[in-house]
Student: 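The following block contains the structure, expressed as structure tokens.
We count residues from 1, following the sequence as given.
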Amino acid sequence: IAACTRQLAVQDNRVVPGTRADRATRYALRAKAYEQQRDIEHALADYDRAVRADRGVYWIQMQRANAHFLAGHNEDALDSFEGAVNIDPDSVEALVYKSLILAAASEDELRDPAQALMDAQRANQLAPGQPAYIDVLAVAYAANGDYAKAMEESQRAIDLLPAQDQASKDDYTSRLTLYRQNMPFRMEP
């Protein structure tokens with residue numbers, strides 16, 4: 001943290017020239033250090049600074065998105081997942097998380113079921129047969145009111161899970177139960 005702070009201060013004083021990407025990287029590295037110390041407030045602030053310094057760095061967009069997602073900041077997470085997809089349209093991870101937020105966010109204004117389904121389908125085309133991605137596809141079908149397809153995909157995801165992955169099986173099964181009741185999945189705020 002101290003080393004990144006010194007480098008940022010030196011760059012601010014123009015003693016050492018640096019690109020926007022250099023500055024963004026320093027903020028992102030310091031943010032990761034804050035994350036490791038479980039100081040999420042400072043980490044998120046630095047990730048936000050990193051993205052403001054240079055929106056075009058894929059891995060920074062993803063780090064910021066994941067940090068905001070885990071903190072429950074769906075709007076900020078969505079912004080960065082979209083930024084990552086803009087940089088790399090074939091980013092399966094970004095497409096999946098973007099789809100999950102658009103399909104199941106607790107905030108009504110963030111949900112866009114049609115876009116969620118397109119993103120989930122694209123992710124599953126790029127990386128077929130992955131249970132977690134298929135599960136998000138099921139979430140997207142349910143968000144669009146297609147519960148038959150949601151149940152089908154959810155069961156397929158469950159069937160593909162390794163036998164020892166009971167936590168994921170329980171998770172997916174709880175969503176399958178919702179679909180059987182014609183109810184979509186919603187992430188908790």
Student: Rounded to the nearest 0.5 Å, what separation is found between the CD atom of Glu93 and the CG atom of Asp88?
Tutor: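 Nearest 0.5 Å value for the CD-CG distance: 11.0 Å.
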
Student: Salt bridge (charged side-chain N to carboxylate O under 4.0 Å, His left out) between Lys149 and Glu153: does it pass, once the steps are laid out?
Tutor: CA-CA 6 Å; Lys149 196 71 171 152; Glu153 294 299 338; 3.6 Å; yes

Student: For the CG atom of Asp171 and the CG atom of Asp135, what is their distance to the nearest 0.5 Å?
Tutor: 7.0 Å

Student: Checking Thr173 against Asp170: is there a side-chain donor and acceptor pair closer than 3.5 Å?
Tutor: no

Student: Is it possible for you to say whether Met151 and Tyr133 belong to one hydrophobic cluster, with membership spreading through side-chain heavy-atom contacts below 4.5 Å?
Tutor: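 Per the 4.5 Å side-chain linkage, Met151 and Tyr133 are co-clustered.
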
Student: Do any side-chain atoms of residues 75-85 form donor-acceptor pairs under 3.5 angstrom with protein atoms, and if so which ones, sequence neighbours left out?
Tutor:
residue: Asp79; atom: OD1; partner: Arg55; partner atom: NH2; Å: 3.3
residue: Asp79; atom: OD2; partner: Arg55; partner atom: NH2; Å: 3.4
residue: Asp79; atom: OD2; partner: Arg64; partner atom: NH1; Å: 3.4
residue: Ser80; atom: OG; partner: Gln61; partner atom: OE1; Å: 3.1
residue: Ser80; atom: OG; partner: Arg64; partner atom: NH1; Å: 2.4

Student: Restricting to non-hydrogen atoms, name the atom on Ile60 and the atom on Ala50 that form the minimum distance, rounded to 0.1 Å.
Tutor: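 Where Ile60 meets Ala50 most closely, the heavy atoms are CG2-CB, 3.7 Å.
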
Student: May I ask you to test the Arg175-Arg180 pair for a side-chain heavy-atom distance under 4.5 Å?
Tutor: no

Student: Measuring from atom CD1 of Ile101 to atom CG of Asp119, what distance do you get when rounded to the nearest 0.5 angstrom?
Tutor: 11.0 Å

Student: Just wondering, more than 12 heavy atoms not from Tyr97 lying within 6.0 Å of its OH?
Tutor: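 For Tyr97, atom OH is not crowded (no more than 12 foreign heavy atoms under 6.0 Å).
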
Student: Under a 4.5 Å cut-off applied to non-hydrogen side-chain atoms, are Gln130 and Leu160 in contact?
Tutor: no

Student: Any side-chain heavy atom of Thr25 sitting closer than 4.5 Å to one from Trp59?
Tutor: yes

Student: Verify the ring-centre separation between Tyr27 and Tyr47: is it less than 6.0 angstrom?
Tutor: no

Student: Are Ile158 and Val136 connected in the hydrophobic side-chain network, where two residues link if heavy atoms are under 4.5 Å apart?
Tutor: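 Same cluster: Ile158 reaches Val136 through Ile, Leu, Val, Met, Phe, Trp or Tyr contacts under 4.5 Å.
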
Student: Ignoring hydrogens, what is the shortest heavy-atom contact between Val139 and Ala104? Give both atom names and the distance.
Tutor: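 Shortest heavy-atom contact: CG1-CB, 3.9 Å.
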
Student: Using 4.0 Å as the upper bound for N to carboxylate O, is an ion pair formed by Asp90 and Arg122?
Tutor: yes

Student: Measure the CZ-CG distance between Arg186 and Asp108 for me, rounded to the nearest 0.5 Å.
Tutor: 7.5 Å

Student: If every non-hydrogen atom of Ala105 is compared with every non-hydrogen atom of Met187, which pair is closest and at what distance?
Tutor: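 The pair with the smallest heavy-atom distance is CA-CE, 3.7 Å.
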
Student: Taking the side chain as everything from C-beta on, heavy atoms only, tell me whether Leu161 gets closer than 4.5 Å to Tyr172.
Tutor: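 Of all side-chain heavy-atom pairs linking Tyr172 with Leu161, at least one is under 4.5 Å.
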
Student: How about Tyr179 and Ser154: does a side-chain donor come under 3.5 Å of a side-chain acceptor?
Tutor: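 There is no such pair (donor and acceptor under 3.5 Å, judged by atom type) between the side chains of Tyr179 and Ser154.
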
Student: What's the shortest heavy-atom distance between Pro89 and Leu95, and which atoms?
Tutor: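 Closest heavy-atom pair between Pro89 and Leu95: O-CD1, 3.7 Å.
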
Student: Does the side chain of His68 pick up a donor-acceptor pair with the side chain of Asn74 at under 3.5 Å?
Tutor: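 No - no donor-acceptor pair under 3.5 Å links their side chains.
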
Student: More than 12 non-hydrogen atoms from neighbouring residues, nucleotides or ligands closer than 6.0 Å to CD on Glu109, yes or no?
Tutor: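 Count over threshold, so yes.
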
Student: Do you reckon Ile87 sits in the same ILVMFWY cluster as Met62, going by side-chain contacts under 4.5 Å, direct or chained?
Tutor: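 Yes, it is one cluster - the side chains of Ile87 and Met62 are joined through contacts under 4.5 Å.
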
Student: Find the distance between OG1 (Thr177) and CE (Met183) and round it off to the nearest 0.5 Å.
Tutor: 10.5 Å

Student: What's the spacing between Arg49 CZ and Arg23 CZ if we round to 0.5 Å?
Tutor: 9.5 Å

Student: Is there a side-chain contact between His42 and Asp46 (heavy atoms, below 4.5 Å)?
Tutor: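 No; the side chains remain at least 4.5 Å from each other.
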
Student: Looking only at heavy atoms, what is the nearest atom pair of Ser99 and Ala116, with distance?
Tutor: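 Smallest heavy-atom distance, with atoms named: OG-O, 2.7 Å.
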
Student: Are Leu102 and Leu117 packed together at the side-chain level, in the sense that at least one heavy-atom pair is separated by less than 4.5 angstrom?
Tutor: no

Student: Which heavy atom of Phe69 sits nearest a heavy atom of Leu100, and at what distance?
Tutor: CZ-CD2, 3.8 Å

Student: Strictly by modelled atom types, are Tyr141 and Gln121 linked by a side-chain donor-acceptor pair under 3.5 Å?
Tutor: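 A donor-acceptor contact under 3.5 Å links the two side chains.
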
